[in-house]
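In what follows, a single structure is set out as structure tokens and then discussed.
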Amino acid sequence: MTAHVPVPLLVPDLPAPEALMPYLQRMHAAQQYSNFGPLLREMEGRLLGHFAQNAAVPLALSTVANATLGLELVLAALELPPHSRVLLPSLTFVATATAVLRAGHIPVLADVDADSWLLTPEIARRALREARFDAVMPVAAFGAPHAMAGWHAFQQETGIPVVIDAAAAFGGQWLEAPTGTAVFSLHATKSLPAGEGGFVVSTDAALVARVRQLSNFGINLNPAAKLPVGMLARIGSNAKMSEYHAAVGLASLDRWEACAALRRSRYADMHQALELAAPGALRWQATDVPVAAPTLLCVRLPGAAQRKRLEALCAKRGIGLRRWYQPLLTSMLQIAPECICLPTPVAGAIAADMVGLPFFPGIESAQIVSVARAMGDTLAVQALAIAQLSA
Ligand SMILES: Cc1ncc(COP(=O)(O)O)c(C=O)c1O
């Protein structure tokens, strides 16, 4: 009998201490450890350079302590009236909704597209016929990027601002349209990890300036403003990214291309192994362009029963699985009562049979085989049962 190789769900991939050292030495020499220091500003410049490769207009960018605060501060910077309504997909990480609630607004939970698993401009237009809303926060679910032309058209047509929660989509999500705003995460589990961190990038420089001010308590640092420097201009928070985190972010940028390529290649290996083990049985998230640096791998099984069986088998074999983004926000006791819930049949169907499988850049061939074998064994049991029934 073959021994089963245990596989963790996710292993973070951060730069080694040696790669951090030159940055940490620079930080120590400058004796600046936070408050928009030289490392942070260098990282912001490099990130802006990345987005400039594919931008129609000049962009502005400000780092934040994490994407959750980034989302909350962008909402505050939009200066919507209290209790405004923000349309979100029901299939997302909780932070998308908690940011809206903490900003004093009301999430309106919408469905997602059956192929891309994303809230699309078409779904937002349909939602507008059912409920009024004042902003939209589409999510780049599992790193799948949004084409910004569609959201630019939506914003032009309706006047409703759009902010993309692109937490897991660095590398694939661009701001290629004349308008657009996106928030990215630099969490340890993301493709460009800084341990903790995030940033807001936008075609709207004034919006980004307000986010920066809000991330620094709301204090005015602009000598050209009417208010004296050092005075409180608005009620902000402390959402600054430290120089320590910027050091990790810079070292991650140094190895970005190689890491992204490795992630794509390992993802392709997993995809191939799973398709060989269960030909045609799995449904995958369809993206217009391939995810540039996948961090998670989710598939839909033929049904809820097969998912349960896979979970039981993987638990026995030491293979980590996770029902990412579940339960849906519409079923989450702490969130749903605070929201306006539109019908979400597609998200409901996805949540019934989707599961996250182990995925990380260092995943070994034997571990890939182990996951694929668990999938094959799960679905072969089903095939055998059907054969026995029809015999
Ligand atoms: C869709 C989405 N939004 C927001 C976040 C929060 O990011 P952070 O951990 O940087 O606050 C995550 C984190 O995984 C996420 O997946």
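Just follow the structure's listing: the first ligand is 1, and inside any ligand the first atom is 1. Since the structure is predicted, the reported quantities are computational estimates derived from the model, not experimental observations.
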Worksheet item: If you link I, L, V, M, F, W and Y whenever their side-chain heavy atoms are under 4.5 Å apart, who else ends up in the same group as M231?
Response: L227

Fill in: Members besides I123 in its Ile/Leu/Val/Met/Phe/Trp/Tyr cluster (side-chain heavy atoms under 4.5 Å)
L87, I106, V108, L119, L128, F133, V136, M148, W151, F154, I160, V162, I164, I340, L342

Fill in: Pairs meeting criterion ring pair (Phe, Tyr, Trp, His ring centres under 6.0 Å) with involvement of residues 318-357, two or more places apart
F142-Y325

Worksheet item: Do T96 and D165 meet the criterion of a side-chain donor-acceptor pair at a distance under 3.5 Å?
Response: yes

Worksheet item: Applying a heavy-atom distance cut-off of 4.0 Å, which protein residues contact ligand 1?
Response: N66, A67, T68, T92, F93, A95, T96, V139, D165, A167, S185, K190, G197, Y325

Fill in: H146 ring center near W174 ring center (under 6.0 Å)
no

Worksheet item: Any chance the side chains of T189 and H187 put a donor and an acceptor closer than 3.5 Å?
Response: yes

